[in-house]
A.B. asks: 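Pasting a structure here, questions to come.
Values in this document were obtained by computation on a predicted structure and should not be read as measured data. Each chain gets a letter, A, B and so on, in the order the sequences are listed, and its residues count up from 1.
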There are 2 protein chains.
Amino acid sequence: MNDRTTFNDSSAPDELLSPLLDYLARRLRAEAEADLRPFSLKIRHVVALTVLRDLGERAQSQMSEALGMDATGIVALLNDLESQGLIERRRAAQDRRRHNVLITDAGCRRLAEVHRAIAGLEQRMFGLTGQESTALYQLLQKATASAAGGPAESVAGEDFPH
Amino acid sequence: MNDRTTFNDSSAPDELLSPLLDYLARRLRAEAEADLRPFSLKIRHVVALTVLRDLGERAQSQMSEALGMDATGIVALLNDLESQGLIERRRAAQDRRRHNVLITDAGCRRLAEVHRAIAGLEQRMFGLTGQESTALYQLLQKATASAAGGPAESVAGEDFPH
DNA sequence: TATTGTTATACTCTATAACTATA
DNA sequence: TATAGTTATAGAGTATAACAATA
């Protein structure tokens, strides 16, 4: 049964979030390309490194879940990072089918550099104050935790970095 | 929350916004696909229709700028919408090179339906309260206005819907 | 038989370059 | 010559399907 009235009144603002998210993500990827070229990385590499730094060693299947990406995409992503020595793949002893992935020291250092570059880009591009930026981060964080739980549920999972 | 107040107002938070935006936009596109399939539309069609509804008649070159997309992408986008009768292209009398684009009545009706579908998806997916959702909208709105002005400037332009 | 990771492949999204018609 | 739109094409980005190794 559909409860349309509560739905409209209690929650959503008049306008949609999706067009803004779509727009900002597209612009971001385009702008970040230039800043990340010296590192031979793309935004999704940064996402993957961030997850590995914050969550530690993970199986590739868990990476796939945490990043909301297909497993086949993860393979290519990790290949890029491994060829630069930023991550390591290790056969898991308990289950030899599994490749455990972890960030290397070089990966951590690289991530820190990239982090500074992207932070600068965000500041220039979004023009938000520190407070606004923090508030936005927290809201996106909450939305992400919810989205990571599944499309129809609001399960705040530990699937994404804080 | 720890000593967050020690941050000066101009500094960014410790963590990056970009990975979250990238993640959410990717998930959103994937999830919205199912909801939008009955309409034969994608998220970017919704963005385009929203812009046309809010800003009125526009040249294609202006659409390109407003959407932050290459002009060639706009052509295919508008072809899709025109073939469904949701928008119209008219030769501009003053400058016959130009195609002015405007949303049709059918387009407005379709957009309203789609709007409801996406709003429901956002609520299920992001699990935000009405207040949070509104706050997030306003922050994304501000970031979008800034980003529309250019990568290095904070010019709040009239380029994107309010 | 089911699961982890991989390869091969195709489809979607976006950008670059060349063409047309107007100015 | 320059600009608005279009076409053709190529390149990312992501997903689907079949396969190998292991459980």
Side-chain angles (χ1 to χ4, degrees), chain A residues 18-19 21-34 36-37 40-48 57-83 87-102, chain B residues 18-19 21-34 36-37 40-48 57-83 87-102:
Chain A
S18 305
L21 286 170
D22 186 72
Y23 174 82
L24 286 172
R26 182 153 26 79
R27 289 295 308 273
L28 194 63
R29 198 170 33 193
E31 297 292 340
E33 196 181 337
L36 293 178
R37 190 169 303 128
S40 301
L41 295 176
K42 301 292 176 73
I43 278 283
R44 66 206 146 86
H45 296 111
V46 179
V47 184
E57 196 164 335
R58 278 290 191 272
Q60 290 192 199
S61 58
Q62 291 177 298
M63 293 291 297
S64 164
E65 193 181 335
L67 296 173
M69 282 178 59
D70 194 89
T72 60
I74 302 296
V75 175
L77 195 62
L78 295 179
N79 285 347
D80 297 340
L81 295 172
E82 193 176 35
S83 72
I87 61 127
E88 257 184 62
R89 278 192 256 226
R90 293 182 184 160
R91 280 280 176 200
Q94 325 88 289
D95 182 344
R96 290 189 44 75
R97 290 174 301 185
R98 246 165 57 199
H99 271 164
N100 281 349
V101 185
L102 55 112
Chain B
S18 306
L21 287 169
D22 186 72
Y23 173 82
L24 286 171
R26 182 153 25 79
R27 289 293 310 272
L28 193 65
R29 197 172 33 194
E31 297 291 340
E33 197 181 336
L36 292 178
R37 190 169 302 130
S40 301
L41 295 177
K42 301 292 174 74
I43 278 283
R44 67 206 145 88
H45 296 112
V46 179
V47 185
E57 195 165 334
R58 278 290 190 274
Q60 291 191 197
S61 57
Q62 292 177 297
M63 294 291 296
S64 164
E65 194 180 336
L67 297 175
M69 282 178 60
D70 194 89
T72 60
I74 302 295
V75 174
L77 195 62
L78 295 179
N79 286 347
D80 297 340
L81 295 172
E82 194 176 34
S83 71
I87 60 127
E88 255 185 62
R89 277 192 258 226
R90 292 181 184 161
R91 281 279 178 199
Q94 326 89 284
D95 182 345
R96 291 189 43 76
R97 290 173 302 185
R98 247 166 54 201
H99 271 163
N100 281 349
V101 185
L102 55 113

A.B. asks: Nearest whole Å is fine: how far is C/dT14 P from A/Tyr23 OH?
C.D. replies: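 So the OH-P distance, A/Tyr23 to C/dT14, works out to 13 Å.
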A.B. asks: Please state how far atom CZ in A/Arg96 lies from atom P in C/dG5, giving the value in whole angstrom units.
C.D. replies: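 The answer, rounded to whole Å, is 13 Å.
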A.B. asks: Apply side chain to side chain contact (heavy atoms under 4.5 Å, CB included) to B/Gln60 and B/Arg89, showing your working.
C.D. replies: CA-CA 9 Å; B/Gln60 291 191 197; B/Arg89 277 192 258 226; 2.9 Å; yes
A.B. asks: To the nearest angstrom, how far is B/Met63 atom CE from D/dG5 atom C1'?
C.D. replies: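 Checked: the CE to C1' distance equals 14 Å.
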A.B. asks: Counting only side-chain heavy atoms from C-beta out, which of C/dT12, D/dA15, D/dA8 sits nearest to B/Lys42?
C.D. replies: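 Closest nucleotide to the B/Lys42 side chain: C/dT12.
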A.B. asks: Checking contacts here: which listed nucleotide (D/dT22, C/dT7, D/dT6) is nearest the side-chain heavy atoms of A/Asn79?
C.D. replies: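 The nucleotide sitting nearest to the side chain is C/dT7.
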A.B. asks: At what distance, to the nearest 0.5 angstrom, does CG of A/Leu77 lie from CD1 of A/Ile87?
C.D. replies: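 Here the rounded value is 8.5 Å.
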A.B. asks: With respect to the side chain of A/Ala71, which nucleotide from C/dC13, C/dT6, D/dG5 is positioned closest?
C.D. replies: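 For A/Ala71, the side-chain atoms sit closest to C/dT6.
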A.B. asks: Under 4.0 Å, counting only non-hydrogen atoms across every strand here, what does B/Arg89 touch: a base, just sugar-phosphate, or nothing?
C.D. replies: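 Sugar-phosphate contact only - B/Arg89 comes under 4.0 Å of backbone atoms but never of a base.
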A.B. asks: Measure from CG on B/Asn100 to C1' on D/dG5 and round the result to the nearest Å.
C.D. replies: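 In whole Å, D/dG5 C1' lies 12 Å from B/Asn100 CG.
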A.B. asks: Under the criterion salt bridge (Lys or Arg N to Asp or Glu O under 4.0 Å), I'd like the reasoning laid out for B/Glu33 against B/Arg29: C-alpha separation, chi angles, the key distance, then a yes or no.
C.D. replies: CA-CA 6 Å; B/Glu33 197 181 336; B/Arg29 197 172 33 194; over 6 Å; no
A.B. asks: Does A/Arg97 get its side chain close enough to the base of C/dT3, under 3.5 Å, for a donor-acceptor pair?
C.D. replies: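 Yes.
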A.B. asks: With nearest nucleotides of DNA chain C determined for B/Gln94 and B/Gly68 from heavy-atom distances, which residue corresponds to the more 5′ nucleotide?
C.D. replies: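 Between the two, 5'-proximity favours B/Gly68.
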A.B. asks: What integer distance in Å separates A/Met69:CE from D/dG13:P?
C.D. replies: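 Between P of D/dG13 and CE of A/Met69: 10 Å.
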A.B. asks: From the set C/dG5, C/dA23, D/dT6, return the single nucleotide nearest to any side-chain atom of B/Gln60.
C.D. replies: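 Closest of the options to the side chain of B/Gln60: D/dT6.
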A.B. asks: Given D/dG5, is OP1 or OP2 found less than 4.0 Å from the side-chain N or O atoms of B/Ser61?
C.D. replies: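 B/Ser61 to D/dG5 OP1/OP2: side-chain N or O found under 4.0 Å.
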A.B. asks: Is the backbone of B/Asp22 close enough, under 3.5 Å, to the side chain of A/Arg44 for a donor and an acceptor to pair up by distance?
C.D. replies: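 Looks like no, no N/O pair under 3.5 Å.
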A.B. asks: Check each of B/Arg90, B/Gln62, B/Arg58, B/Glu57 against B/Asn100 using the side-chain hydrogen bond (donor to acceptor under 3.5 Å, both in side chains) test, and report the only one that passes.
C.D. replies: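 Among the candidates, only B/Glu57 passes.
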A.B. asks: Give the nucleotide from the list C/dT22, D/dA15, D/dG5 with an atom nearest to the side chain of A/Asp70.
C.D. replies: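 The nucleotide sitting nearest to the side chain is D/dA15.
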A.B. asks: Using side chain to side chain contact (heavy atoms under 4.5 Å, CB included), reason through A/Glu88 and A/Val101 one step at a time and then give a plain yes or no.
C.D. replies: CA-CA 6 Å; A/Glu88 257 184 62; A/Val101 185; over 6 Å; no
A.B. asks: With a 3.5 Å cut-off and just heavy-atom distances, do the side chain of A/Thr72 and the base of D/dT16 make a donor-acceptor pair?
C.D. replies: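 Answer is yes: a donor-acceptor pair is held.
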A.B. asks: Taking NE2 from B/His45 and P from C/dT12, how many angstroms apart are they, rounded to a whole number?
C.D. replies: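 That distance rounds to 12 Å.
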A.B. asks: Using whole Å, report how far CG of B/Asp95 lies from C1' of D/dT3.
C.D. replies: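 Going from CG in B/Asp95 over to C1' in D/dT3 covers 8 Å.
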A.B. asks: With nearest nucleotide decided by heavy atoms, which residue, A/Arg91 or B/Ile74, maps closer to the 5′ end of DNA chain D?
C.D. replies: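 So the residue in question is B/Ile74.
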A.B. asks: For the pair made of CZ in A/Arg98 and C1' in C/dA2, what is the distance, rounded to whole Å?
C.D. replies: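 Taking CZ of A/Arg98 and C1' of C/dA2, I get 15 Å after rounding.
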A.B. asks: To the side chain of A/Arg44, which of D/dT14, D/dT16, D/dG5 is closest?
C.D. replies: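 Side chain of A/Arg44 sits closest to D/dT14.
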A.B. asks: Let me know, please, whether A/His99 or A/Asp22 comes out on the 5' side of the other along DNA chain C by nearest nucleotide.
C.D. replies: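 That would be A/His99.
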